[in-house]
Amino acid sequence: MIAPIAGFSKFSKDEKIEWLANTYFHDSETVIAMLKRYWNSDEKLQKLHDEFIENTITNFYLPLGIAPNFLINDKMYAIPMTIEESSVVAAASKAAKFWLDRGGFKATVLSTEKVGQVHFMYFGATEKLQEYFNNIKPELFAATKHITQNMEKRGGGITDIELRDKTDELNGYFQLHCTFETVDSMGANFINSCLEQFAKTFQAEAARFEAFSSTEKEIQIVMSILSNYVPNCIVKAEVSCPVEALTESESVDANEFAEKFVRAIQIAKTEPYRAVTHNKGIMNGIDAVVLATGNDFRAIEAGIHAYAAKDGRYSSLTHAEVINGIFRFWIEIPLSLGTVGGLTSLHPLVKLALEMLGKPNAKELMQIVAVAGLAQNFAAIRSLVTTGIQKGHMKMHLINILNQLEATEAEKIHFVNYFKDKTVTHSAVVNAFTAYKSEHA
C-alpha cells in the first residue's frame, strides 16, 4: 500500500515529479522525460503557467483551432476554439459558411444581471427579521462602498439586495439574494467580497437590534457565495432565411429539410434523453470558445444546464419554426463571461484569442459564444436529418485512428483516399490498415 505524502505542496517541481514517478510508475525515467517534454523552453512563460494552479508538474496541451467566416451582426469574425473532439471546429466552420450568404447571425444581449447569496439560519419571528432587514439594507450598501467604488466607476456595482424566506423548504433557512452588474469582468471575486461583507455587517448589527430577543440576535451565517445560475444574464442568437434557401443540393428538398429540422428540435424539447445529447452538442461550440478566451467553462456548463431545466423538465436550448415560408432558428442562454481579469490578462494565448476577436467587451463576447453554440447545433441537426451524424464525424476521426496505429504520412494519405467512399469505423480502419501492412511488409 502506498504511504501518504506529507508536505507535498512544499516540494520543488522536480521533487514532486520524482516522487510521483517513483511512487506510481514502473518506468520512472520514461515518465519524467514525458512530463518534461511538455515544458515550455521559455522559462519565464513556463513559470507563468506553473503558477496558474497548485502542484503543477507539466502542461497539458489541447488544440487551438479557428472557425472562420462568421458574420455576426454584420461583422466578420474568425472564432478561436479550444477542444479535443474531432469535427467540432469543422462543423462550426461549415455552419458559418452556410449562413454567410444568408444574412449571417444576429445576436443580442437581453440582460446582464448576476447573482450572489448570503445563506443564513434564523429561528424567530419572521416579521421582526423583515423589519431588521429593512433597517439594515442601506448599511449593507454603505459597508461595501470600499469594494464597489471602482466597479461603480465602470458602470457596475450592486443592483439590489432582497431578503428571501426559504423556511418552507428548510426550517430556519433565509437568504440575502443579491444582484450585481460587473460590466466586462466575470465578477466572481467582486461578488464574493461584497457578499462576505454583507454577511459580516448583517450578523454584527443583529446583535444590536433592540426588537430581537437574545435568541433572535444569534443569526448563523452558513455561507456567502456567488451563484453560477444567472437566468437574468441572457444572450440571444438567431438565424433566418426563406425555406427555399435552406438547401445547397437539389437532392435535398428544402421544405422536407425544414420540416425534419423543426421536428428534431421539437423532439429535443420533449424527450430528455435526446435533449441532453442535443445540448451537449451546443456546449461543444460554447465550451470551446469559452476555454479559448480564458473563461470558466464549468461555471457556464452548470448555469446553462440548470437553465435548460428551468420549466421543471430538462429540454432543448434551441428553438426552430417556419412561419410564412421563413425558417427561423435561435437560442437564448445565460452566459456570465469576462474579458478583463483572471486568465484574460495573463495567458498569452487567451490574450491572442481576444485580440483575434477584436478585443470584445463582455456583451460582445456573450454574443460570439452564443453564436458558436447555435452554429454547432445547426451543423449537428443538419447532419442528423440528412446524411446522419457518423459520416462527417468519423471522417474527421479517421486521422485520430491512424495516429493510434502509428501510420506514416504516406499511409495517412492512402487511407484518407481509401475511405472517401466507405463507412469509417474503428474496426474497418484497423482491418484495412492491418491488411495494407501485410501486403507491403
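Note that the structure is a prediction, hence the values are computed from the model and not measured.
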Side-chain H-bond candidate by donor/acceptor type, K13 with N55, under 3.5 Å: no
Expected output: side-chain N417 to main-chain I413 donor-acceptor under 3.5 Å: yes
M356 and I66, any side-chain heavy atoms less than 4.5 Å apart: yes
Ring centre gap for F202 and Y132 strictly below 6.0 Å: yes
Side-chain touch V235/L110, heavy atoms, less than 4.5 angstrom: no
side-chain contact (heavy atoms from CB on, under 4.5 Å) partner of S224, the single match among L176, L195, N192: L195
Side-chain donor or acceptor of S111 paired with backbone N/O of N232 under 3.5 Å: yes
W99/F70 aromatic ring centres below 6.0 Å: no
Greater than 12 external heavy atoms within 6.0 Å of E43's CD: no
Ionic contact status for D184 with R154, cut-off 4.0 Å: no
Straight-line distance of H414 NE2 to Y418 OH, nearest 0.5 Å: 7.5 Å
Minimum heavy-atom distance between A258 and V322, given as atom pair plus value: CB-CG2, 4.1 Å
Aromatic ring pairing Y436/F415, orientation class (parallel under 30°, perpendicular over 60°, tilted between): perpendicular
Enumerate, atom names and distances included, each donor-acceptor pair closer than 3.5 Å involving a side-chain atom of residues 297-306, sequence neighbours excluded.
unit_1	atom_1	unit_2	atom_2	d
R298	NE	D296	OD1	3.3
R298	NH2	D296	OD1	3.3
E301	OE1	H305	NE2	2.7
H305	ND1	Y314	OH	2.7

Verdict with supporting geometry, T293 and T339, side-chain contact (heavy atoms from CB on, under 4.5 Å): CA-CA 8 Å; T293 56; T339 55; over 6 Å; no
Set of ring-ring contact (aromatic ring centres under 6.0 Å, His included) partners for H49, sequence neighbours left out: F52, H347
Test item: Q376 side-chain N/O and I282 main-chain N/O as donor-acceptor pair under 3.5 Å: no
Least distance between heavy atoms, L346 atom then K351 atom: O-CE, 4.3 Å
Salt bridge (Lys or Arg N to Asp or Glu O under 4.0 Å) between K137 and D160, intermediate numbers included: CA-CA 10 Å; K137 185 174 179 178; D160 198 13; 3.0 Å; yes
No-hydrogen, no-angle side-chain donor-acceptor test under 3.5 Å, T179 and T159: yes
Cationic N near anionic O, under 4.0 Å, D42 to K47: no
N255 side chain to E244 backbone, donor-acceptor under 3.5 Å: no
Interatomic spacing from CD1 in I401 to CZ in F433 - rounded to 0.5 Å: 12.0 Å
Those residues that, when tested against F11, pass ring-ring contact (aromatic ring centres under 6.0 Å, His included) (two or more places apart): F8
Criterion side chain to side chain donor-acceptor pair (under 3.5 Å) on E181 and T112, from CA distance to verdict: CA-CA 7 Å; E181 169 59 58; T112 56; 2.5 Å; yes
Point-to-point distance, once rounded to the nearest 0.5 Å, from NZ of K166 to CZ of R164: 7.0 Å
Main-chain N/O of I57 paired with W39 side-chain donor or acceptor, under 3.5 Å: yes
NZ on K363 to SG on C233, rounded to 0.5 Å: 9.5 Å
Geometric class of the F327/F261 ring pair [parallel <30°, tilted 30-60°, perpendicular >60°]: perpendicular
Polar side-chain atom of S87 near backbone of A90 as donor-acceptor pair, under 3.5 Å: no
Validation: residues 74-83 side-chain donor-acceptor distances under 3.5 Å, sequence neighbours left out:
unit_1	atom_1	unit_2	atom_2	d
D74	OD1	K106	NZ	3.3

E411 side chain near L405 side chain, heavy-atom distance below 4.5 Å: no
N377 vs T318, side chain to side chain donor-acceptor pair (under 3.5 Å): CA-CA, chis, key distance, verdict: CA-CA 8 Å; N377 193 225; T318 52; 2.8 Å; yes
CG (N189) with more than 12 external heavy atoms under 6.0 Å: no
K128/E131 under salt bridge (Lys or Arg N to Asp or Glu O under 4.0 Å): CA gap, chis, key distance, verdict: CA-CA 5 Å; K128 284 200 278 185; E131 180 188 353; over 6 Å; no
Under 3.5 Å donor-acceptor pairs involving side-chain atoms of residues 267-274, not counting sequence neighbours:
unit_1	atom_1	unit_2	atom_2	d
K269	NZ	H319	ND1	2.4
T270	OG1	Q266	O	2.9
E271	OE2	Y273	N	2.8

Short N-O contact, K200 and E196, less than 4.0 angstrom: no
For E321, all residues meeting salt bridge (Lys or Arg N to Asp or Glu O under 4.0 Å), sequence neighbours excluded: R328
More than 12 heavy atoms of other groups within 6.0 Å of K97 NZ: no
Spatial distance of atom OH (Y173) from atom CZ (F123) [nearest 0.5 Å]: 12.5 Å
salt_bridge(E152, K145) N-O dist < 4.0 Å: yes
Side-chain donor or acceptor of K114 paired with backbone N/O of M186 under 3.5 Å: yes
Point-to-point distance, once rounded to the nearest 0.5 Å, from SG of C178 to CZ of F141: 8.0 Å
Heavy-atom donor-acceptor pair, E162 side chain to H177 backbone, under 3.5 Å: no
Donor-acceptor pair between Q367 and T108 side chains, under 3.5 angstrom: no
Side-chain (T182) to main-chain (S185) donor-acceptor, under 3.5 angstrom: yes
